[in-house]
Amino acid sequence: MKRRCSLTPRRRAGLAALIGCGVIGGAAVPPLSTPPAFAQNTPSLLEFRWDSGTGYRKLYFVQTSQRRRERSEYFFMLRKKDRKTAILKLSITVPSYFNARIRPKNLSLCKMSMGGMLSRSKCKEVLPAVFEVNEKQTAIEVFPDTPIPTGGTYAVVMNVFNPSQGGMFQFNALAQAPGDVPVSGYLGSWLVDID
């Protein structure tokens, strides 16, 4: 006499649960992935520095992408509180290991509209300026046609492909005020992070 193997309703439910979870059957269910965020990248609220002495001032910036080798638009902003005098010439130092090709034609000087929780920062008006990038790609010189006034928010906008290596990159801003003595003073730094 043949004996029949029968499953109780409780065992059937357990077996169905194991098959549904992918434990039995060899087909594992891929984990759910979160959709990519299309929000505006901004600097973090908490920033750690080894030496956060008096010689460092953090400046605000916006970048559209933090991923390696992706096209990104950088807005290096100078707010009203970041400067005390008008700016005749602006110099931006670029780290030597920031291996992105910076071209003067991909740079612009803008009067900005600052964003917030419900709006994005955007360029209201492009100001005429001459841009020079040195041969080693470690300095950007900005010569506006008229000095940048003390009121309002202005930004140097840079369109580049992000570097192929990730890391943190510190861009420094030096400004020369109108006057008899052509001396550039430190305004602050933008600390850019590439994933």
Side-chain angles (χ1 to χ4, degrees), residues 31 33-50 56-79 82-83 87 89-145 148 152-176 184 186-195:
S33 62
T34 58
F38 295 106
Q40 172 172 284
N41 291 334
T42 56
S44 63
L45 297 174
L46 178 65
E47 181 180 294
F48 176 77
R49 290 185 52 83
W50 288 109
Y56 174 78
R57 287 188 59 218
K58 182 179 178 180
L59 296 176
Y60 183 75
F61 72 96
V62 173
Q63 69 187 106
T64 56
S65 174
Q66 289 182 314
R67 293 186 181 185
R68 290 182 245 177
R69 295 183 293 277
E70 272 192 357
R71 180 168 281 290
S72 183
E73 191 171 30
Y74 293 79
F75 293 88
F76 295 122
M77 298 200 198
L78 293 170
R79 296 177 288 185
D82 296 329
R83 58 195 195 278
I87 298 174
K89 174 187 161 191
L90 180 66
S91 300
I92 300 173
T93 61
V94 180
S96 60
Y97 53 94
F98 186 79
N99 64 349
R101 182 85 176 129
I102 302 169
R103 296 187 174 117
K105 69 178 184 177
N106 294 334
L107 298 167
S108 60
L109 179 64
C110 284
K111 184 172 187 179
M112 297 295 293
S113 168
M114 287 292 287
M117 294 296 285
L118 301 175
S119 64
R120 296 178 71 110
S121 296
K122 56 185 168 187
C123 180
K124 286 193 324 190
E125 177 187 355
V126 177
L127 303 173
V130 175
F131 294 91
E132 293 178 3
V133 180
N134 70 350
E135 198 174 307
K136 294 181 180 179
Q137 301 275 304
T138 56
I140 301 169
E141 304 285 336
V142 183
F143 301 95
D145 284 1
I148 300 171
T153 300
Y154 294 86
V156 173
V157 182
M158 179 173 76
N159 287 300
V160 294
F161 282 98
N162 284 333
S164 56
Q165 86 278 5
M168 295 181 93
F169 303 92
Q170 182 173 322
F171 293 77
N172 299 314
L174 303 163
Q176 181 179 332
S184 293
Y186 174 72
L187 292 179
S189 300
W190 300 283
L191 199 60
V192 174
D193 188 22
I194 303 293
D195 295 335

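Basis for what follows: all heavy atoms, side chains included, without hydrogens, waters or symmetry-related copies.
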[X] side chain vs [Y] backbone, donor-acceptor pair below 3.5 Å:
X: Gln165; Y: Asn99; answer: no
X: Arg69; Y: Ser164; answer: yes
X: Gln137; Y: Arg101; answer: no
X: Arg68; Y: Asp195; answer: yes
X: Trp190; Y: Ala173; answer: no
X: Asn134; Y: Ala139; answer: yes
X: Ser189; Y: Gln170; answer: no

- Task: Kindly determine whether Asp82 and Met77 satisfy side chain to side chain contact (heavy atoms under 4.5 Å, CB included), including the steps that lead there.
- Result: CA-CA 9 Å; Asp82 296 329; Met77 298 200 198; over 6 Å; no
Nearest non-hydrogen partners of [X] and [Y], listed with the distance:
X: Phe131; Y: Leu109; answer: CZ-N, 3.5 Å
X: Thr138; Y: Ser96; answer: CG2-CA, 4.0 Å
X: Ser121; Y: Gly115; answer: OG-N, 3.0 Å

Is any side-chain heavy atom of [Y] closer than 4.5 Å to one of [X]?
X: Phe171; Y: Pro95; answer: yes
X: Ile87; Y: Val142; answer: no
X: Lys58; Y: Leu191; answer: no
X: Phe169; Y: Val94; answer: no
X: Asn162; Y: Gln66; answer: no
X: Met158; Y: Ile140; answer: yes

Measure the spacing between [atom1] of [X] and [atom2] of [Y] and express it to the nearest 0.5 Å.
X: Arg79; Y: Thr153; atom1: CZ; atom2: OG1; value: 7.5 Å
X: Thr93; Y: Tyr186; atom1: OG1; atom2: OH; value: 8.5 Å
X: Leu59; Y: Leu187; atom1: CG; atom2: CG; value: 7.0 Å
X: Arg103; Y: Asn159; atom1: CZ; atom2: CG; value: 12.0 Å
X: Tyr154; Y: Lys124; atom1: OH; atom2: NZ; value: 8.5 Å
X: Ile148; Y: Leu127; atom1: CD1; atom2: CG; value: 7.5 Å

- Task: Decide yes or no on side chain to side chain contact (heavy atoms under 4.5 Å, CB included) for Val133 and Leu107, but give the supporting numbers first.
- Result: CA-CA 10 Å; Val133 180; Leu107 298 167; 3.9 Å; yes
- Query: How about Tyr60 and Phe75: are their ring centres within less than 6.0 Å of each other?
  - Reply: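 No: the rings miss the under 6.0 Å criterion.
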- Message: Once you measure the plane-to-plane angle for Tyr74 and Phe98, does it fall in the parallel (<30°), tilted (30-60°) or perpendicular (>60°) bin?
- Response: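 Taking Phe98 first and then Tyr74, their aromatic rings stand perpendicular (interplane angle over 60°).
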